[in-house]
Amino acid sequence: MKNQVDIIIVGGGIIGSSVAYHLLKDGFTGKIIVFEKDGTYEFASTPRSAGGFRQLYTTDINIKMSRLGLQFYKNFARNMAIGTETFEIDFKQLGYLFLATEKMMPKFQEHLKIQHQNGVSSELLGKGELLKLIPELNTEDLAGGLFCAESGYLDPYSVMHGYIKNAKHLGAEYIYEEVDGFLSEHGRIKGVRLTDSREFYAPVVVNCAGAWASGLSRKAGLPLPVVPVPRRIFLFDVENPLEKHLPLTMDPTGAYFRNEGQKYIAGYGQDAGSKIDFSWRRSEFEEQIWPILTRRIPNFEKAKVERGWAGLYDYNTEDHNAIIGEHPQLKGYFTAFGFSGHGMQQAPAVGKGLSELIRTGKYDTIDLTPLRVERFAENDLVVEDAIY
């Protein structure tokens, strides 16, 4: 049949490219086509993210995925090199820090136990230890914090392109056209239809379309609780730089901040409504984020916003976690979306897991079954106690 391949992946960002890369790296010999509608990746979610990497989760599955991701990203430049071309991702392991009020500390003590059971080197810090990390920090309303020194932040653009180039190098074909819908027959996936009406056929289709993935699934009559939610980030400079480079720091209000070279970026983890929206406004920083930053670190009072941008979360409204696996109502249709901001962190584990599931019918490295599609109907949600 014309346009017949073995696997179609919809979405050529970090998740789709990780799936393609791992399939081919693990020995899959069939033909893979990756469809990506944004050929320049201008609006891809990963390069518009803050690049944070953490292990401070409260469920076994998310911690295990991050543990695998940590080892992968620590060795990314060496392991993903193509000849003399390397992909330096600038992984700064300066730590990930959740600041805590007195009320939050008992919860963090519970989190610490779960993390230690899964091999995470997290620790609870008192006020004095916080000041050793960030000497300028205002701790007046804080009791301490939860900290992981192994974590930090990296260059998300370079990570994504490392996956893309490696997937292509191993034989994946990328077609920069938009998928308009899925083709199916008798409860089995058949392929995809593009917006120009061309059809491509495969017995396996993986939906990795991020913020647009749930719309495609809904058009196929298979709705899932995921919506696009914009998140805005601001780059700013200050008159009086801090003494030390920052860990990625989460304030109790939901605001976060970290270094970006000698400057700083900040954002806000609160709900911004469900829509496709890449706009940003300087006033949002000035009215919502800046007051939080200046209360927390006085050096941020004299700040100059240099630019801002917005990216999209594929936000799972039910439990804020990824939806991964074969859809029970459509044989051969696999999902990998709903990451709610954790896609880059979890991309290595997702790619490896779906490679195993598609090739062998089961998970081997990490059992991703808790993130299955069926969990919503079964009321077996994966509820995180530390989602931002």
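Here the structure is a predicted model, which is why all the values come from computation and not from measurement.
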Task: CA sep, side-chain torsions, deciding dist, call: N207, Y333, side chain to side chain donor-acceptor pair (under 3.5 Å) - done: CA-CA 8 Å; N207 186 353; Y333 171 49; 3.1 Å; yes

Task: Aromatic centroids of F278 and F43 separated by under 6.0 Å - done: yes

Task: Full working for side-chain contact (heavy atoms from CB on, under 4.5 Å) between K132 and L130 - done: CA-CA 5 Å; K132 288 179 183 178; L130 290 180; over 6 Å; no

TODO: Would you check if there is a donor-acceptor pair between the side chains of T40 and D38 at a distance under 3.5 Å?
DONE: yes

Open item on the list: What I want to check is whether the side chains of S355 and D26 have a donor and an acceptor closer together than 3.5 Å.
Closed with: yes

TODO: Quick one: sort the Y57 and H342 rings into parallel, tilted or perpendicular, breaks at 30° and 60°.
DONE: perpendicular

Open item on the list: Quick check: do I366 and L368 have side-chain heavy atoms less than 4.5 Å from each other?
Closed with: yes

Task: SB check K64 D367 (cutoff 4.0 Å) - done: no

Open item on the list: Could you tell me if R296 sits above the aromatic ring of F300, with its cationic atom closer than 6.0 Å to the ring centre and no more than 45 degrees from the axis?
Closed with: no

TODO: Taking the side chain as every heavy atom from C-beta outward, state whether P228 and D314 have any atom pair closer than 4.5 Å.
DONE: no

TODO: Decide yes or no on side-chain contact (heavy atoms from CB on, under 4.5 Å) for L293 and F236, but give the supporting numbers first.
DONE: CA-CA 12 Å; L293 299 183; F236 62 97; 3.8 Å; yes

TODO: Grab the two heavy atoms, one from E284 and one from F234, that are nearest each other, plus how far apart they are.
DONE: CB-CZ, 4.0 Å

Task: Between CD on residue E85 and CE on residue M80, distance to nearest 0.5 Å - done: 11.0 Å

Task: Main-chain N/O of L222 paired with S217 side-chain donor or acceptor, under 3.5 Å - done: yes

TODO: With the side chain counted from C-beta on, respond yes when K275 and P230 share a heavy-atom pair under 4.5 Å apart, and no when they do not.
DONE: yes

Task: Where F285 and V305 come nearest, the two heavy atoms and their spacing - done: CD2-CG2, 3.2 Å

- [ ] Work out which heavy atom in I233 is nearest to a heavy atom in R48; give both atom names and the distance.
- [x] CD1-O, 3.5 Å

Open item on the list: Given 3.5 Å as the limit, does a donor-acceptor pair link the side chain of S49 with the main chain of G51, or not?
Closed with: yes

Open item on the list: How long is the straight-line distance from CZ of F339 back to CE of M344, given to the nearest 0.5 Å?
Closed with: 12.5 Å

TODO: Please step through side-chain contact (heavy atoms from CB on, under 4.5 Å) for the pair K302 and V238, ending with a clear verdict.
DONE: CA-CA 6 Å; K302 294 184 178 180; V238 297; 6.0 Å; no

Task: cation_pi(K168, Y174) dist<6.0 Å, angle<=45 - done: yes

Open item on the list: Regarding K31 and E173, does a basic nitrogen lie under 4.0 Å from an acidic carboxylate oxygen?
Closed with: yes

- [ ] Apply side chain to side chain donor-acceptor pair (under 3.5 Å) to T195 and E178, showing your working.
- [x] CA-CA 6 Å; T195 52; E178 183 175 358; 4.7 Å; no

- [ ] Say whether, by atom type as modelled, one donor and one acceptor occur between the side chain of E384 and the main chain of T59 under 3.5 angstrom.
- [x] yes

TODO: Using atom types as modelled and distance alone, determine if a side-chain donor or acceptor of S66 lies under 3.5 Å from a backbone N or O of I63.
DONE: no

Task: From I61, L68, N62, I14, residue fulfilling side chain to side chain contact (heavy atoms under 4.5 Å, CB included) relative to Q346 - done: N62

Task: The single option from F53, Y163, F91 passing ring pair (Phe, Tyr, Trp, His ring centres under 6.0 Å) against F76 - done: Y163

TODO: Look at atom NZ of K244 and say whether more than 12 heavy atoms of other residues, nucleotides or ligands are closer to it than 6.0 Å.
DONE: yes

Task: Any donor-acceptor pair under 3.5 Å from N259 side chain to Y264 backbone - done: no

- [ ] Take atom CD of E301 as the centre, draw a 6.0 Å sphere, and report whether it contains more than 12 heavy atoms from other residues, nucleotides or ligands.
- [x] no

Task: Least distance between heavy atoms, N138 atom then R295 atom - done: ND2-O, 2.9 Å

Task: Flag, side chain of T58 to backbone of H111, donor-acceptor distance under 3.5 Å - done: no

TODO: Could you walk me through whether L142 and L137 pass the side-chain contact (heavy atoms from CB on, under 4.5 Å) test, one step at a time?
DONE: CA-CA 10 Å; L142 301 177; L137 192 70; 4.1 Å; yes

Open item on the list: Parallel, tilted or perpendicular: which one describes the rings of Y176 and Y41, with boundaries at 30° and 60°?
Closed with: perpendicular

TODO: Among L216, L183, V10, find the one that has a side chain to side chain contact (heavy atoms under 4.5 Å, CB included) with V205.
DONE: V10

- [ ] Would you check, one step at a time, whether the test side chain to side chain donor-acceptor pair (under 3.5 Å) holds for E356 with T365?
- [x] CA-CA 8 Å; E356 293 168 351; T365 304; 2.5 Å; yes

Open item on the list: Salt bridge check, D380 against R372: does any charged N sit closer than 4.0 Å to a carboxylate O?
Closed with: yes

- [ ] For the pair D277 and R232, find out whether any cationic side-chain nitrogen is under 4.0 Å from an anionic carboxylate oxygen.
- [x] yes

Open item on the list: Check K127 with E129, please: is the shortest side-chain N to carboxylate O separation under 4.0 Å?
Closed with: no

Task: Crowding at CD, E378 (>12 non-hydrogen neighbours, <6.0 Å) - done: yes

- [ ] Over all heavy atoms of both residues, which pair between N3 and E199 is shortest? Give the atoms and the distance, please.
- [x] ND2-O, 3.1 Å

Task: Distance-minimising heavy-atom pair for D319 and N316 - done: OD1-ND2, 2.8 Å

Open item on the list: Which label fits H22 and F72: parallel for a plane angle under 30°, tilted from 30 to 60°, or perpendicular past 60°?
Closed with: tilted

Task: Residues D180 and K219 bridged, charged N to O under 4.0 Å - done: yes

Open item on the list: I'd like to know if the side chain of R375 and the backbone of L371 have a donor-acceptor N/O pair within less than 3.5 Å.
Closed with: yes

- [ ] Determine yes or no for a side-chain-to-main-chain donor-acceptor pair under 3.5 angstrom, with S122 supplying the side chain and C148 the backbone.
- [x] no

Open item on the list: Is it the case that the side chain of Q55 and the backbone of S151 share a donor-acceptor pair, with hydrogens and angles ignored and the cut-off at 3.5 Å?
Closed with: no

- [ ] Check whether NZ of the Lys or CZ of the Arg R231 lies under 6.0 Å from the centre of the six-membered ring of Y313 and within 45 degrees of that ring's axis.
- [x] yes

Task: Sub-4.5 Å side-chain heavy-atom contact between L112 and L146 - done: yes

Task: Side-chain donor/acceptor of D251 to backbone N/O of T253, under 3.5 Å - done: yes

Open item on the list: Classify the ring geometry of Y315 against H320: parallel below 30°, tilted from 30° to 60°, perpendicular beyond 60°.
Closed with: tilted

